[in-house]
Amino acid sequence: MNVGVLASGSGTNLQALIGAAARGELDPARLAVVGVNVPGCGALERATQAGIPSFVLDHKAFASREGFDAALVESLRRHQVELVVLAGFMRLLTPAFLAAFPHRVVNIHPALLPAFPGTHAQRQAFSYGVKVSGCTVHFVDNGTDTGPIIAQAVVPVLESDDEESLRARILTEEHRLLPAVVRAVAEGRVSVDGRMVRVRGAAIEADARLRSL
Ligand code: GRF
C-alpha cells in the first residue's frame with residue numbers, strides 16, 4: 001500500500017515511519033511520497049535524507065483552500081498514494097480532499113481525544129491538570145480532530161512535569177503508535193463502522209496502556 005505523508009514541521013513522526021520502514025516494520029506499507037506546505041521544514045529535509053520523493057505546496061500561494069487541496073490530491077495521486085498520513089500537518093482538509101481518499105486519511109494528535117482537540121493539545125492538557133494524557137491516531141473527518149479513533153496510547157502526567165517534559169513523553173508514544181497503525185491499516189486489519197473502528201489481530205492500544213502506566 002502506497003503511503004503519502006503530509007507534514008508541516010520538524011518531522012519526528014515522519015522519521016519514526018522512515019525508521020520502521022527501514023526495519024521492515026511498516027510492510028506492506030511503503031512510503032511513496034512526502035508532501036509539505038512549509039518550504040524548508042524539517043520533514044522535507046528528513047524525506048530527502050531518506051531518499052523518499054517529496055513535494056512542496058505552499059498554501060500561501062493558493063487563493064483558496066479548495067485550490068490548495070486539489071493540488072494536494074493531484075500530487076498524491078501522481079505517486080499512486082492509497083493511504084494519507086497526517087504527521088504534524090497543520091492545515092485543515094476540505095471535504096473534497098477527504099472524498100478523494102475515503103477512510104484513507106489518518107492523523108496523529110498529541111492528546112487523548114475527545115479531550116483537547118486543536119492546537120497546543122499538550123499545553124491544554126498540562127494547564128487543565130489531567131493526571132494522564134497521551135496520543136490518538138484517528139481517521140480524519142470533516143471536523144477538527146473528531147474522526148473515528150483507531151488507537152490511543154496513555155502516558156502519566158507527573159507532578160514534576162512541565163509542558164515540555166509532557167510533550168516529550170507523549171511524542172515517544174506517538175513514534176510507536178503511528179507506525180503500528182499504518183502497518184495495521186496496510187495489512188487490511190482495520191475496519192470502520194460508523195464511529196467504531198475495529199483492529200483485528202494484535203491490539204495496538206493494549207500494549208501501550210500496559211507499558212505506560
Ligand atoms: C506531533 O505532536 C503530532 O501529534 C502533532 O504535531 C506534532 C508533529 O511533530 N499533530 P513532528 O513534526 O512529527 O515532530
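Atoms within each ligand, like the ligands themselves, are counted from 1 in listed order.
No side-chain donor from either of Gln80 and Asn2 sits under 3.5 Å from a side-chain acceptor of the other.
At distances below 3.5 Å, not a single donor-acceptor pair connects side-chain atoms of Gln122 with backbone N or O atoms of Ala111.
Backbone and side-chain nitrogen or oxygen atoms of Ile108 are examined, and one is located within less than 3.5 angstrom of a nitrogen or oxygen of ligand 1. Looking at ligand 1, you'll find an N or O of Thr12 within less than 3.5 Å of one of its N or O atoms.
Ligand 1 has at least one atom lying under 4.0 Å from a heavy atom of Gly11.
Atom numbering of ligand 1 starts at 1 in the shown order; those under 4.0 Å from a heavy atom of Pro110 are 2 (O), 4 (O), 5 (C).
Ion pair Arg167/Glu163 flagged as a salt bridge, since at least one NZ, NE, NH1 or NH2 atom sits closer than 4.0 Å to an Asp/Glu carboxylate oxygen. Contact check on Glu74 versus Arg77 returns no salt bridge, with no Lys/Arg side-chain nitrogen under 4.0 Å from an Asp/Glu carboxylate oxygen.
Under the side chain to side chain contact (heavy atoms under 4.5 Å, CB included) rule, Phe116 has a single partner from Val130, Thr136, Asp145, which is Val130. Applying side chain to side chain contact (heavy atoms under 4.5 Å, CB included) to Val182 and the options Val137, Leu177, Leu26, Leu31 leaves one that passes, Leu26.
Scanning the protein for heavy atoms near atom 6 (O) of ligand 1, the closest one is Gly88 CA, 3.5 Å. The protein atom (non-hydrogen) at minimum distance from atom 13 (O) of ligand 1 is Asn13 N, 2.8 Å. Protein heavy atom nearest atom 3 (C) of ligand 1, with residue, atom name and distance: Glu174 OE1, 3.1 Å.
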